[in-house]
Amino acid sequence: MTTPEFSPARVSVHDGNGRLLGELTDAVIKRAYRTMTVSRAICVIPETAPQLALCDPREGRLLVVRSRIYPLVFAGPIATIEGNPSAGTIQIEARSYEGVLQDRYLPSGFSVDGTSGAVFRALWEAVERENPTGVSLSPDVAAGQPFDETAYGDRSLFDAWNLVAQQTGHEWWLEHEVVNGVLTTQAQFRPARGQDRT
């Protein structure tokens, strides 16, 4: 019996607009993926790696991890870097892109009603007018059921999306894709798996 061989995860750094800046070719990576929450990735590279210059957390850079054996792409802003001189390595930590949505707030007094899918879309549109997220919406956001008017003012988009999803038996997540060296992020909104709402 032969053991299948898989190429290692590809780790890259992108600028705040999603454009590829460089690959972290010697990276050892650990990452998590969850719906409706912020997760993280930890990447360890040699302290002599020239790409380390791309990883300054003050620059708004994004860490992107792709793999054939783990098909979900991880993407998110680099949050911290930490050295380990005795091992000769640097640890880079990124929080998932959902964390960006925690930093985008709805206007004071904002409220909306309609189906849960329409509310999900309206919340995104309100934030995009004030402080764009870099996230697009899936063209097939679930319509959902009617959802009474709710006040969302001063909530983050992350909290507002979680509220709509939890109260209407849905879930949301972000899907990332790298095409021609550019990262794109799209929000999905669907009925929650395992929920019987009939």
Side-chain angles (χ1 to χ4, degrees), residues 4-105 124-125 127-139 156-159 161-162 172-188:
E5 291 186 23
F6 295 100
S7 57
R10 292 180 59 196
V11 182
S12 55
V13 177
H14 295 245
D15 68 14
N17 293 317
R19 292 185 297 261
L20 176 66
L21 297 174
E23 300 271 340
L24 302 179
T25 53
D26 298 325
V28 175
I29 190 79
K30 178 180 172 184
R31 71 235 185 242
Y33 181 88
R34 297 177 190 94
T35 60
M36 297 173 44
T37 192
V38 178
S39 53
R40 68 185 184 140
I42 296 173
C43 169
V44 177
I45 62 172
E47 63 184 10
T48 56
Q51 302 89 350
L52 180 58
L54 302 174
C55 300
D56 188 337
R58 299 170 298 178
E59 299 292 325
R61 304 286 167 77
L62 302 170
L63 189 72
V64 177
V65 182
R66 295 173 282 166
S67 170
R68 284 184 43 217
I69 59 172
Y70 190 68
L72 302 170
V73 175
F74 175 93
I78 294 173
T80 60
I81 55 173
E82 185 177 318
N84 184 349
S86 62
T89 60
I90 299 290
Q91 178 176 292
I92 302 162
E93 184 173 335
R95 63 183 185 147
S96 63
Y97 208 91
E98 287 82 357
V100 171
L101 307 181
Q102 290 179 323
D103 299 331
R104 301 297 195 274
Y105 287 85
W124 173 81
E125 290 170 347
V127 167
E128 288 298 306
R129 281 192 293 272
E130 298 291 322
N131 193 356
T133 60
V135 172
S136 64
L137 285 190
S138 169
S156 71
L157 180 59
F158 179 87
D159 289 338
W161 275 359
N162 275 343
W172 67 271
W173 65 92
L174 299 180
E175 288 184 1
H176 309 283
E177 186 178 19
V178 177
V179 178
N180 297 326
V182 178
L183 173 72
T184 59
T185 301
Q186 190 175 79
Q188 306 287 332

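Using a 4.5 Å heavy-atom cutoff, the side chains of His176 and Phe74 are not in contact. For the pair Val100 and Phe158, the minimum side-chain heavy-atom distance is 4.5 Å or more. Taking the side chain as every heavy atom from C-beta outward, Tyr105 and Val127 never approach each other to under 4.5 Å. Counting heavy atoms from C-beta on, the side chains of Tyr33 and Val65 never come closer than 4.5 Å. Here the side chains of Leu101 and Asp159 are not in contact, with every heavy-atom distance at 4.5 Å or above.
Between Ala53 and Arg61, the closest heavy-atom pair is O-NH1, 4.3 Å. Nearest heavy atoms, Pro46 versus Asp26: CD-CB, 3.8 Å. The nearest pair of heavy atoms linking Ala41 to Ile29 is CB-CD1, 4.3 Å.
Note that CE of Met36 is 11.5 Å distant from CG of Leu174, once rounded to the nearest 0.5 Å.
Counting only distance, with no hydrogens or angles, the side chain of Trp161 and the backbone of Ser156 share no donor-acceptor pair below 3.5 Å. Panel note: side chain Ser96, backbone Ser39; a donor-acceptor pair is recorded below 3.5 Å.
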Pair up each side-chain donor or acceptor in residues 10-21 with any protein partner under 3.5 Å, not counting sequence neighbours, and list the distances.
| unit_1 | atom_1 | unit_2 | atom_2 | d |
| --- | --- | --- | --- | --- |
| Arg10 | NH2 | Glu23 | OE2 | 3.2 |
| Ser12 | OG | His14 | NE2 | 2.9 |
| His14 | ND1 | Gly18 | O | 2.8 |
| His14 | ND1 | Leu20 | N | 3.4 |
| Asp15 | OD1 | Asn17 | N | 2.9 |
| Asp15 | OD1 | Gly18 | N | 3.0 |
| Asp15 | OD1 | Arg19 | N | 2.9 |
| Asp15 | OD2 | Arg19 | NE | 3.2 |
| Asp15 | OD2 | Arg19 | NH2 | 3.1 |

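No more than 12 heavy atoms of other residues, nucleotides or ligands sit less than 6.0 Å from atom CD of Glu82.
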